[in-house]
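Ligands are counted one by one from 1 in listed order, and the atoms in each one are counted from 1 as well. The first residue in the sequence is number 1, and the count goes up from there. All figures in this text were calculated on a predicted structure; none of them were measured in a lab.
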Amino acid sequence: MTDAHTTGPFIAAIDQGTTSSRCIVFDTDGRIVAVDQKEHEQIFPKPGWVEHDATEIWRNVQEVVAGAVSKAGITSADVEAIGITNQRETTLLWDRHTGEPVHNALVWQDTRTDALCKELGRNVGQDRFRRETGLPLASYFAGPKARWLLDNVEGLRERAERGDILFGTMDSWVIWNLTGGTEGGVHVTDVTNASRTMLMNLHTMEWDEKILHSMDVPAAVLPEIRSSAEVYGRAKGGVLDGVPVASALGDQQAALFGQTCFAQGEAKSTYGTGTFMLMNTGHRPVNSYNGLLTTVGYRIGDQAPVYALEGSIAVTGSLVQWMRDQMGLINSAAEIETLASSVEDNGGAYFVPAFSGLFAPYWRPDARGVIAGLTRYVTKAHIARAVLEATAWQTREISDAMTKDSGVELTALKVDGGMTSNNLLMQTLSDFLDAPVVRPMVAETTCLGAAYAAGLAVGFWPDTDALRANWRRAAEWTPRMDAATRDREYRSWLKAVRRSMGWLDENTAEE
Ligand SMILES: Nc1ncnc2c1ncn2[C@@H]1O[C@H](COP(=O)(O)OP(=O)(O)O)[C@@H](O)[C@H]1O
Ligand SMILES: O=P(O)(O)OC[C@H](O)CO
């Protein structure tokens, strides 16, 4: 990817994602100079439980940083700043004296806190903390996961109350280790990651004491909340020794930043393991009455924070992985397009992948996956088509909710992420949304967003206008489906969604 004549300076971005960690080196035009990436193990101890080994993750992060720097043929002297982005909500507690995690990280998809969330919402409902946090009570968020660990790891609560334990999402874990770990590592998080804990007050940008009390999480474990673009500290040791660590953003907010959605009403949707559509709502948090989340979009230094509305879909790319790894119906993720293209339509089948319940706009932990409409006519190719359509319909539902909440009609959707290499999916998406879908030249918008924020913090780029100039369209899909077909298919999809709800009850409880 690179060669000897590469000249700096550069920004290095680390993306600690759900399935892999990667490091990308960018130049001043926002072009990719080198990439290195490594997958980590997905641990499924019980149905609905998903864990990561945080020690493996930190090892992989160090390896990919070294790999990308080596491929770029540069040294730490050429790198002006390091930006961090990460899978959000995934929760870790570790010992501040030894640096050892007290348990595997509980991944955002993990549903073990369903019962706890139900208990926290008893008599008050799912929206108990929505006014303060913008979030409904759901197993997705970090606060309940921290509480579960404190309640279930023997002796942990006492150690936490003594001040021996640190809590963090993966940004905090990576930054703490990168800046020295047990030898002076800084314990921070940024406003975007903190906004996914259910413990931060969206209006003050501080930990909410009342919620901490209700959730029974001691303040002593919490990191300091900082902006998304400022110098938190310097890397200590490793190939980037001495380089300022200058940004942190949850990966979906980083993609919003990388897609340069800096104006109110601009939106992007990222198609990876899950899918997340975010719309910039300016300096005002917009309440959702249609199942979306209110979250922090980003905050640059001491400027006013920018908020976003978010529609989160738990299972999209991971459904393709499931077709490959668990069902063996395809050999590679890309093959789903060939298989789905071998038929004209879904043959009457609709696949609702409610593997972790349904996230936005329903927030139904009792839902589980269904394939509806099966007859003997249906082949694996129809199922492949239904898999892709599931991603597109779920986006349509989010987009409808966003229009209702924000009053902004979607005129075009900026997309990115691994699934956007699937042309059939992108065409289907444009058909179902009845709007153009556009993909930028740099599809690695998550890393790019983290690099942009770090670059702004150290003066590598002057302002967001300079970043906007880097955004270039690579591909566009426009709607081809007639309205009658779209409406009929949408009704069938919504019927299938209703069939997925209420599956989990006393008879089928997973605990
Ligand atoms: N051609 C394709 N068609 C459909 N899905 C794909 C394709 N290529 C990759 N994927 C899916 O995209 C996901 C990987 O995208 P990526 O953006 O790297 O995800 P993440 O950042 O969540 O790890 C995987 O879940 C994979 O199944
Ligand atoms: O790592 P990704 O791309 O699957 O993103 C995960 C999200 O941040 C979960 O909220």
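- At a heavy-atom distance under 4.0 Å, only side-chain atoms of E89, from C-beta outward, approach ligand 2.
- There is a side-chain donor-acceptor pair under 3.5 Å between D416 and T270.
- When hydrogens are left out, the protein atom nearest atom 20 (P) of ligand 1 is T273 OG1, 3.5 Å; that is the closest non-hydrogen contact.
- For atom 4 (O) of ligand 2, the closest non-hydrogen atom on the protein side is T18 OG1, 2.8 Å.
- A distance of 6.0 Å or more separates the ring centres of W322 and F44.
- Between G317 and ligand 1, at least one pair of N/O atoms sits closer than 3.5 Å.
- A distance below 6.0 Å separates the ring centres of F262 and F257.
- Close N/O approach between R88 and ligand 2 is found [any backbone or side-chain N/O within under 3.5 Å].
- At least one donor-acceptor pair under 3.5 Å links the side chain of S228 to the backbone N or O of R299.
- Ring geometry, W393 versus W493: the interplanar angle falls under 30°, so the pair is classed parallel (tilted spans 30 to 60°).
- When only interatomic distances are considered, the shortest N/O to N/O separation between G418 and ligand 1 falls below 3.5 Å.
- Contacts with ligand 2 closer than 4.0 Å are made by side-chain heavy atoms of D251 only, the backbone lying farther away.
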